[in-house]
Protein chains: 2
Amino acid sequence: MASSPRTAPPSGALNRRLADSGLRSTPQRELIYDVLLRKRDHPTADEVFVRVKTEMPTISLATVYNGLETLVQCDLVRAVNFERGPTRYCPNLRPHAHFHDERSGATHDIDLPPALIEHVKAILPPEYRAEAVEISFRGSTSR
Amino acid sequence: MASSPRTAPPSGALNRRLADSGLRSTPQRELIYDVLLRKRDHPTADEVFVRVKTEMPTISLATVYNGLETLVQCDLVRAVNFERGPTRYCPNLRPHAHFHDERSGATHDIDLPPALIEHVKAILPPEYRAEAVEISFRGSTSR
DNA sequence: TTGGGGGTTAGAATCATTCTAATTATCACT
DNA sequence: AGTGATAATTAGAATGATTCTAACCCCCAA
């Protein structure tokens, strides 16, 4: 493929994080990340694949899975699991919980106050060292 | 009549709960439930299948899945999911979180103080009605 | 004693995800 | 610009957990 000069600077955060991990920036990874940033509705890998394919028809599903995993490793994206459903992806890096609305199927972010995170971690006996805490709600919204 | 701390209903609860749901008590369902009560190590459906099979060699994996689902519906057992791993089953009915020890692969129950559950629910905007809250930790224990 | 409705079973099917092996792109160094 | 070495992408096969299907079984009521 002939290389063309860049017309726009690459996404700063993505390139920096990739480089920090010894990984390369690629059009596929940039597009996957961009798609996540553009519509923050917690899409599944399949949904990301569909969105990305409209702009890059040759991309493969395996690359979408690989790319999403890469973004998760770089701490640019969070993988969100709910019960047995497919993994969903979320570019919100603030500490937050997830609310799964059973009526609409939508997932909403709920900001977590730092004090609450501390409260939650405080219930662990001292020999338990938590690297991560996940909080998720299931229910419905009245609007 | 102060009771010893109890994490599951007394034996016999199975029959009552099944009857309440218009379901029948069967040797398979009783054995599946008994196996869960006997060793509370959050087994997967496959692990339950292996344990149950030593006492009832003709039971099928499908029946184990069906039976576990039935117990979950009757609120005698909780299904526990951690990331993409297979569902695990837990007869502890007290409100509790789960701690997943990455070193050993074990899952531990962490009792949740009622006040903490309230604190956690309190972060939801008023139009969100939560039917369930899940809290899970990932990390390791120093012993 | 018969009929209907759960319940069980073995195996097929499904679904999300991961793996494999081959191809392609990019980087570091001339 | 050329050349390997290394990383990334790709299509499709394979995997693993779970669910479905269709036949059979068992119990209770009429």
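Order of the sequence lines fixes the chain letters, A, B, ..., with proteins taken first and strands second; residue numbering starts at 1 for each chain. These values consider heavy atoms only, across backbone and side chains, with no hydrogens, waters or symmetry-generated copies.
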Send over the distance from [X] [atom1] to [N] [atom2], rounded to a whole Å.
X	N	atom1	atom2	result
Leu68(A)	dT18(C)	CG	P	11 Å
Phe49(B)	dT18(D)	CZ	P	14 Å
Leu31(B)	dT8(C)	CG	P	11 Å
Glu69(B)	dC20(D)	CD	C1'	14 Å
Ile59(B)	dC26(D)	CD1	P	15 Å
Glu83(A)	dA16(C)	CD	C1'	16 Å
Asn66(A)	dA25(C)	CG	P	17 Å
Leu61(B)	dG11(C)	CG	C1'	11 Å

Please determine if a side-chain N or O atom of [X] lies less than 4.0 Å away from the OP1 or OP2 oxygen of [N].
X	N	result
Arg84(B)	dA16(C)	no
Tyr65(A)	dT17(C)	yes
Gln28(B)	dT9(C)	yes
Thr87(B)	dT18(D)	yes

Answer with base, sugar-phosphate or nothing: what part of the nucleic acid does Thr26(A) contact at a heavy-atom distance below 4.0 Å?
sugar-phosphate
Minimal heavy-atom distance between Thr141(B) and Asp101(B), with the atoms involved, is OG1-OD2, 2.9 Å
Can you identify which nucleotide, out of [options], has its nearest atom closest to the [X] side chain?
X	options	value
Arg24(B)	dT9(D), dG7(C), dT18(C)	dG7(C)
Ala45(A)	dT17(C), dT18(D), dA8(D)	dT17(C)
Ala62(A)	dT18(D), dG11(C), dC19(C)	dC19(C)

How do Gly67(B) and Asp46(A) order along DNA chain C: which one's closest nucleotide is nearer the 5' end?
Gly67(B)
Of Ser60(B) and Ser25(B), whose nearest nucleotide on DNA chain C comes first from the 5' end?
Ser25(B)
According to the interplanar angle, ranging from 0 to 90°, do the rings of Phe99(B) and His108(B) count as parallel (below 30°), tilted (30 to 60°) or perpendicular (above 60°)?
tilted
Quick one: sort the Phe82(A) and His100(A) rings into parallel, tilted or perpendicular, breaks at 30° and 60°.
parallel
Do we see a donor-acceptor contact under 3.5 Å between the side chains of Asn15(A) and Ser25(A)?
yes
Using distance alone, with no hydrogens and no angle criterion, decide if Thr107(B) and Arg88(B) have a side-chain donor and acceptor under 3.5 Å apart.
no
